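Presented below is the structure to which this report refers.
Predicted model only: the values in this text are computed from it and were never measured. All heavy atoms count here, side chains included; hydrogens, waters and symmetry mates do not. Within every chain, numbering begins at 1; the chains are lettered A, B, ... in the order of the sequence lines, protein sequences first and strands thereafter.
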Number of protein chains: 2
Amino acid sequence: MTFRRPAAGRATSRDVARAADVSQALVSRAFSGNGRIAPETRERILKVAAEIGWRPNALAASMVTGDAPLVSVITTRLSFEWRAQVLSHLLKAFEDWNLQPLLFYADSDREVDRLLAETISWRTRGVVVTAGSVSRERADAILSRGQFLAALNRPGNHPDAFSIATDNPAGGAAAAELLLAEGRRRFLVLAGPTDSWASTERTRGFAARLAQAGLVATVWHNTSMTAGAGKDCAARCLKELSGSLPDGVFSTNDAMGLGFIDGLRSSGLSIPEDLSIVGFDNLPASDWTPYQLTTFEQPLDVMVGGVLGHIQAHQSDEAGEPTACSSQGRVGGDGVIYCAPLLVRRATTRRTNNE
Amino acid sequence: MTFRRPAAGRATSRDVARAADVSQALVSRAFSGNGRIAPETRERILKVAAEIGWRPNALAASMVTGDAPLVSVITTRLSFEWRAQVLSHLLKAFEDWNLQPLLFYADSDREVDRLLAETISWRTRGVVVTAGSVSRERADAILSRGQFLAALNRPGNHPDAFSIATDNPAGGAAAAELLLAEGRRRFLVLAGPTDSWASTERTRGFAARLAQAGLVATVWHNTSMTAGAGKDCAARCLKELSGSLPDGVFSTNDAMGLGFIDGLRSSGLSIPEDLSIVGFDNLPASDWTPYQLTTFEQPLDVMVGGVLGHIQAHQSDEAGEPTACSSQGRVGGDGVIYCAPLLVRRATTRRTNNE
DNA sequence: CTGAAAGCGCTTACAG
DNA sequence: CTGAAAGCGCTTACAG
C-alpha cells in the first residue's frame, strides 16, 4: 500500500485512517476510548498515528463536543510572590486534571475588565481572577454562560461567584493586638498605594483595633510596596518623627518591613527594645538571620484549595448548588470567604506575658 | 419581531443574525472586519451581539482558518525568580500581539517531553520552553509542523530551533577571574544538584578558569539551591574546613550565597577581608544592607527580546530564514545564543588594583 | 452590500 | 466491531 504522507502540520485523522486502512471514525475511537474498537485495530492506528506524528486536533474536538478542557486565568506581574506561588499551585492542579490554562495577562488592573470579556471568545470552563476587580455585569455575563468565576484575594461581586481571600482586616487587627499587648502606644503604618485592596484592608483592621483602645496610628502610603520604599520610610521616620519615634510599626507587607529594618540599622535603635515591627506575607527573607521579622502568612494553600474545590464542584455538578461553604473561613457580607492569616512570631516583637 | 433569546452560553452567530435580521455571514463580517459590510449594518449587529453577550467562538474560527492565535508555553515552579520575571515579560508581549498563551506546567523536568507532545493537540503557532530539555526527535516533530520552537536558558537541540541562554560558563569564568585578581587561592563552589544545567555550567566555567592558573576548587553540591542550603554549607565549612578555610567562594546562585553569608555571621570572619563571595542572579535581596553581594545578573531582557524577535520573524515569514543572528551574543557550537551575564560589584568582593 | 453554501477536523449517534 | 453521515460554529470564496 502506497500513499503520499501529508506534511505533518497538515495531517488529519483522515490521513491516519487512510494509512491504517480504516475509517476515519475508528481513528477517533482509537484515541478517545469512546465507542467499541478491536484492540488490534486500536494498536495499529496508534502506531500509524505516532509515525505520522498526528494527534487529535483539540480545537476541532472541542467544537464537536461543545466543551473545551480549557480554563481562563487572569493574572498580572508574577514577581509578586503570592501570585507566582498561587499560580504554581493552580497550574499544577490543572495539569493533573487535564485542564489547559489559557493565560490572560493584565498589564494594569484597568485592563482586567477587557480581558474578562475576551475570555468569552474561548468558551473555557470558567475563569480564575487573580488581578484587578470584577464588575457585577461582567460576573453576570460569565456566570450566565454556565462558566464558573473564581476570584482569588478579591471580591467576586456576584452571589454565584466563588471568592476567597486572606482576612486582611483580621490580620491588621491581630497586628494591633500584638503591639498593644506589648504596651506599644505610638503607631506607624507602612501602607501601600490607596488603591491596593490588601494594604487598605490591613490598615483598616489595624486602625479599627487601635480605635477600640482609643489610639490612632500615623499612616504612610507608598507608591510601590518594595524594600526600597520601606527603607525610605525609615529615613523619613528618623528625620520627621525624631521627637517622638513610633514604638510599634505595622508594615502592610514584608518587603517594606525588611527595608524599614535596614533603614534603621545605623540609627542605634534596637528592635524590639525600642520599637517592634510586624509585617505581612512571610517572605522567605523574613526568616533570614538579619531580619527575623514577625509577620502574618497568607493561607495560600487554603485559598487555592478553595478555588480548586469550587472548580471541581462546578465540573461534577453543572446544576451548581451554592458551593460557598464556610469551612475555609468566615463568609463576609460581600460573599467573600475570608481565611485568617497565620501569625509567625519572630524577633522583631517581644514575647508578651500571657504566653 | 419576537424570538426566544437563547441561553447566553449557547448563543451562536446564527442567533445574533436572527436577532439583527441579517444573514449569519454578515455577523462574521461585522466582527472580523473582513469582507464588505455597510457601516450601519455593522453597528446594528455589534449592538445586538453585545445585548446577547455573544462573541465569535475563537475555537470555531481557528478551525476554519486553520490558524489559532495560540502559543504554548512550557514552564515549571514560578517561585524561581528568573522564570516568573521572564514569563511576565513574555505574557505581556503576547497580550500586545493578540496571542493567547496556553500554559503547560511541568511538575518535574521529566514531564517536559510529554508536555511537548501534548502541545501538538492544540495546533498552536509554536512553543516556548522554559523548563526541562528538548529532545532532537521532539524538536523535529514540532518544527516539521511549521511551528516555532524557542528554548529559553536551555539548548534547542535542533538547527531550526531558536535557543538563547545566559552564558553561564563565561559567568563562572568571570567569577574566577575576579577572585584570582583579588589574590584568592583557596576556592569553594556552592553548587546545585548535578542535573542543574545552569549550576553545572557555571561551575564548569569557574573550574576551567582556575585550571588555567593551575588551581582547583572544592565543589559542594546541594539538592536545593536555597538560602537554607547555603547556610548549612557555611556551618559545614566552619567545621570541616576550619584548618584551611576557603578565601574565595563562588555560589552558583544568590540564594545560597546569601544563606552562606548568614551562616558566617557569628563566626567572626569578615567579608571581604577574610574571604570573598560571588553569587549569580542578582536577586533584589542581594542589594540589601546586610548582604551587598557581588553577583552576576542574567540578561533576561535580552533573552526575552530574542525569543520575541524569533516569534515575530516566524509570524511574518513562514518560509523561515534561519533567524539565529548572533547580535545578542556568541553562538555556541550547540546553536545556542549565549548572552553574557552582567557583573554587579558590591561589597562581598574587594576592589582590585586595575580599577 | 448581502446571502447561500461549502468546508475546517473532528465526535457521535445510527446502521450494519 | 466497523463505517457512512450528520453536525459542532464559524469563515470565506462565490453569486447575486
Length of the [atom1]-[atom2] vector between [X] and [N], whole Å:
X	N	atom1	atom2	answer
A:R14	C:dC8	CZ	P	9 Å
A:Q24	D:dA5	CD	P	13 Å
A:I120	D:dG9	CD1	C1'	16 Å
A:R36	C:dT12	CZ	P	16 Å
A:E40	D:dC1	CD	P	9 Å
A:D67	D:dG9	CG	C1'	15 Å
B:R18	C:dG3	CZ	P	14 Å
B:F31	D:dG9	CZ	P	16 Å

(request) For the pair A:R114 and A:E118, find out whether any cationic side-chain nitrogen is under 4.0 Å from an anionic carboxylate oxygen. (result) yes

At under 4.0 Å, does any side-chain N or O of [X] touch on OP1 or OP2 of [N]?
X	N	result
A:R44	D:dT2	no
B:R42	C:dT2	no
B:N34	D:dT12	yes
A:S13	C:dG9	no

(request) Over all heavy atoms of both residues, which pair between A:P101 and A:V73 is shortest? Give the atoms and the distance, please. (result) CB-CG2, 4.2 Å

Tell me which nucleotide among [options] gets nearest to the side chain of [X].
X	options	value
A:V64	D:dG9, C:dG3, D:dG7	D:dG7
A:S28	D:dT12, C:dT12, D:dT11	C:dT12
B:M63	D:dA5, D:dG9, D:dT11	D:dG9
A:N57	C:dG3, C:dC10, C:dT2	C:dC10
A:W54	D:dT2, C:dA5, C:dC10	C:dC10
A:A25	C:dT11, D:dA4, D:dC10	D:dA4
A:L26	C:dC1, D:dG3, C:dG3	D:dG3
A:T41	D:dC10, D:dT2, D:dC8	D:dT2
A:A61	D:dT11, C:dC1, C:dC10	C:dC10

(request) Please list every stem that involves DNA chain C, where a stem is a run of 3 or more consecutive Watson-Crick or G-U wobble pairs with both pairing distances under 3.5 Å. (result) C:1-3 with D:14-16, C:5-12 with D:5-12, C:14-16 with D:1-3

(request) Answer yes if the side chains of A:Q147 and A:R125 hold a donor-acceptor pair under 3.5 Å, and no otherwise. (result) no

(request) Check each of A:V128, A:T124, A:V127 against A:F148 using the side-chain contact (heavy atoms from CB on, under 4.5 Å) test, and report the only one that passes. (result) A:V128

(message) A:M303 and side-chain contact (heavy atoms from CB on, under 4.5 Å): which single residue from A:I164, A:V86, A:I337 fits?
(response) A:I164

(message) Any non-hydrogen side-chain atom of B:D15 less than 4.5 Å from a side-chain atom of B:S13?
(response) no

(message) Measuring only between side-chain heavy atoms, which start at C-beta, is B:S62 closer than 4.5 Å to B:D67?
(response) no

So what does [X] touch, heavy atoms closer than 4.0 Å: a base, only the sugar-phosphate, or nothing?
X	value
A:S62	nothing
A:A38	sugar-phosphate
B:S32	nothing

(message) I want to know whether A:W54 and A:F31 have ring centres closer than 6.0 Å.
(response) yes

(message) Measuring from atom OG1 of B:T76 to atom CZ of B:R83, what distance do you get when rounded to the nearest 0.5 angstrom?
(response) 5.5 Å

(request) Assign each of B:P56 and A:S23 to its nearest nucleotide of DNA chain D by heavy atoms, then name whichever residue's nucleotide is nearer the 5' end. (result) A:S23

(message) Could you check whether the side chain of B:R29 and the base of C:dG3 have a donor-acceptor pair of N or O atoms closer than 3.5 Å, going by distance alone?
(response) yes

(request) Would you kindly compare B:G66 and B:P39 by the position of their nearest DNA chain C nucleotide and give the one closer to the 5′ end? (result) B:P39

